[in-house]
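Here the structure is laid out as structure tokens; the discussion comes afterwards.
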Number of protein chains: 2
Amino acid sequence: MAVQADHALRDAGLRATRQRRTVLAALRDRSDAVTAQDLHGELRAAGEPVGLTTVYRTLTALADADFLDVFVREGEQAFRLCGDQHHHHLVCEVCGKVEELEADQVEQWVREVAGRRGYQVTGHRADIFGVCGECS
Amino acid sequence: MAVQADHALRDAGLRATRQRRTVLAALRDRSDAVTAQDLHGELRAAGEPVGLTTVYRTLTALADADFLDVFVREGEQAFRLCGDQHHHHLVCEVCGKVEELEADQVEQWVREVAGRRGYQVTGHRADIFGVCGECS
DNA sequence: CTGCCGATGAACATCGTTGTCATCTAGTGC
DNA sequence: GCACTAGATGACAACGATGTTCATCGGCAG
């Protein structure tokens with residue numbers, strides 16, 4: 001696993017440091033999105049000495065490399081490990097759990113609309129917010 | 001027009017002040033999204049004495065009343081006057097122009113997915129980013 | 001017209017995030 | 001192994017967006 005993490009980091013053009021491995025491992029263990037500050041707090045509480053700046057930089061770097069999804073809520077950004085394929089999200093607003101979705105219907109809609117209006121598509125996003133079965 | 005603006009404000013439970021009319025008028029004149037700071041700067045430059053705090057408060061209040069759409073880009077939020085019906089967006093990343101879309105396909109997809117996974121839907125968003133005909 | 005209460009705005013406080021810089025270390029070449 | 005160097009770290013400062021305060025102003029109901 002540590003090896004996998006190293007490869008992932010290497011692929012992103014990043015060195016495999018203890019701090020980065022720690023951050024990646026922490027992200028692997030959860031299906032909800034975390035804030036840099038929260039993650040930093042948890043790592044510190046777990047006895048992992050990692051600087052706040054480093055957590056921010058690591059998360060940003062991983063997000064830039066498309067390893068993480070970024071959610072913006074209430075003025076702060078939360079990160080979450082994600083698949084490497086294009087996908088959409090189903091987010092539980094109570095427990096914060098995130099499920100990834102494929103959506104051919106949406107992809108098709110995007111192509112249709114953009115084509116009809118003469119736009120060249122550079123990207124799109126489609127997310128659903130709700131309350132999952134367990135939380136309701 | 002001023003009367004319309006007053007009604008709009010009244011409907012939102014807000015008093016029709018000179019500053020709010022000014023902000024609303026400025027928003028009416030553009031189809032791209034503006035930042036509170038930018039709008040404040042422009043109003044000041046145009047000789048309209050409006051406080052930054054007031055611009056923030058007015059935009060937030062109008063957004064809460066669903067008069068404005070809120071976009072988040074690069075850590076700051078941009079506001080844009082929008083129709084009162086639920087809609088999606090087609091955004092030109094070059095000129096910033098925003099077109100509103102209706103999308104039954106998307107609505108249907110949302111219901112399907114949520115239903116299948118046992119979620120109660122509280123909201124969703126679907127936006128397309130691209131380059132419009134004029135800009136490409 | 002008058003009074004009340006919401007609205008304003010300048011100054012200040014806060015909070016998430018990014019920049020700085022001296023120090024450290026992963027990973028390469030020997 | 002070993003030394004070297006570019007990249008990484010982290011304590012701290014700085015920054016920009018937004019929240020708060022409070023004295024003052026003005027919309028609008030009566």
Side-chain angles (χ1 to χ4, degrees), chain A residues 2-26 33-65 67-68 70-79, chain B residues 2-26 33-65 67-68 70-79:
Chain A
V3 178
Q4 274 180 36
D6 287 9
H7 277 160
L9 290 168
R10 216 72 59 72
D11 289 348
L14 303 170
R15 287 190 182 169
T17 65
R18 178 184 55 76
Q19 293 87 338
R20 286 177 179 163
R21 272 191 280 255
T22 305
V23 168
L24 257 185
V34 231
T35 277
Q37 309 253 4
D38 287 351
L39 187 55
H40 176 245
E42 290 176 22
L43 293 178
R44 279 300 182 83
E48 292 285 352
V50 185
L52 178 57
T53 315
T54 300
V55 174
Y56 269 106
R57 277 192 295 233
T58 301
L59 290 174
T60 306
L62 290 173
D64 284 348
F67 280 89
L68 305 183
V70 185
F71 298 85
V72 178
R73 56 179 186 207
E74 294 164 31
E76 58 188 350
Q77 40 193 20
F79 301 81
Chain B
V3 178
Q4 274 179 35
D6 287 9
H7 277 160
L9 290 168
R10 216 70 62 71
D11 289 348
L14 304 170
R15 285 187 182 170
T17 65
R18 179 184 56 75
Q19 292 88 337
R20 286 179 180 164
R21 271 191 282 255
T22 306
V23 168
L24 258 184
V34 231
T35 275
Q37 308 256 1
D38 288 351
L39 187 55
H40 175 245
E42 290 176 22
L43 293 177
R44 278 301 180 83
E48 293 284 353
V50 186
L52 178 58
T53 316
T54 301
V55 174
Y56 269 108
R57 276 192 294 232
T58 302
L59 290 174
T60 306
L62 290 173
D64 284 348
F67 279 88
L68 306 183
V70 185
F71 298 84
V72 179
R73 57 182 186 209
E74 295 163 32
E76 57 188 352
Q77 41 194 21
F79 300 83

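Here the structure is a predicted model, which is why all the values come from computation and not from measurement. Note on naming: letters A, B, ... go to the chains in the order of the sequence lines (proteins, then strands), and numbering restarts at 1 for each one.
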Between [X] ([atom1]) and [N] ([atom2]), how many Å, whole number?
X     : N      : atom1 : atom2 : value
A:Y56 : D:dG16 : OH    : P     : 17 Å
A:H40 : C:dT18 : NE2   : P     : 15 Å
B:Q77 : D:dG16 : CD    : P     : 17 Å
B:R21 : D:dG26 : CZ    : P     : 13 Å
A:R20 : C:dT25 : CZ    : P     : 14 Å
A:H7  : C:dG27 : NE2   : P     : 11 Å
B:L39 : D:dT18 : CG    : P     : 13 Å
B:D64 : C:dA7  : CG    : C1'   : 16 Å

At less than 4.0 Å, is any side-chain N or O atom of B:R15 found next to OP1 or OP2 of C:dT8? Yes or no.
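So the side-chain polar atoms of B:R15 never come under 4.0 Å of the phosphate oxygens OP1 or OP2 of C:dT8.
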C:dT25 phosphate, OP1 or OP2: any side-chain N/O from A:Q19 under 4.0 angstrom?
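Answer no for this pair, as no side-chain N or O of A:Q19 is under 4.0 Å from OP1 or OP2.
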Which part of the nucleic acid, if any, lies within contact of [X], taking any heavy atom under 4.0 Å across all strands shown: a base, the sugar-phosphate backbone alone, or nothing?
X     : answer
A:Q37 : base
A:R44 : sugar-phosphate
B:A36 : nothing
A:R57 : base

Nearest 0.5 Å, what's the [atom1]-[atom2] distance between [X] and [Y]?
X     : Y     : atom1 : atom2 : answer
A:R20 : A:R15 : CZ    : CZ    : 9.0 Å
A:L39 : A:Y56 : CG    : OH    : 10.5 Å
B:L52 : B:H40 : CG    : NE2   : 5.0 Å
A:F79 : A:T60 : CZ    : OG1   : 5.0 Å

Nearest to the side chain of B:E76, heavy atoms from C-beta on, is which of C:dT17, D:dA17, C:dC5?
D:dA17
Of the options C:dA7, D:dT9, C:dT17, whose atoms approach the side-chain atoms of A:L52 most closely?
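Nearest listed nucleotide: C:dT17.
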Taking for each residue the nucleotide of DNA chain D bearing the nearest heavy atom, is the 5' side occupied by B:T60 or by B:R18?
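Comparing both residues, the 5'-ward one is B:T60.
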Sidechain-backbone polar pair: B:R18 side chain, B:P49 backbone, donor-acceptor under 3.5 Å
yes
Looking at the base of D:dA8, is there any donor atom on it, or on the side chain of A:T54, that sits under 3.5 Å from an acceptor on the other one?
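No, the side chain and the base share no sub-3.5 Å donor-acceptor pair.
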For a quick check, tell me whether the side chain of B:R10 and the base of D:dG27 share a donor-acceptor pair closer than 3.5 Å.
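No such pair is found, so the answer is no.
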Would you mind telling me which residue lines up with the more 5' stretch of DNA chain C, B:T53 or B:G13, judged by nearest nucleotide?
B:G13
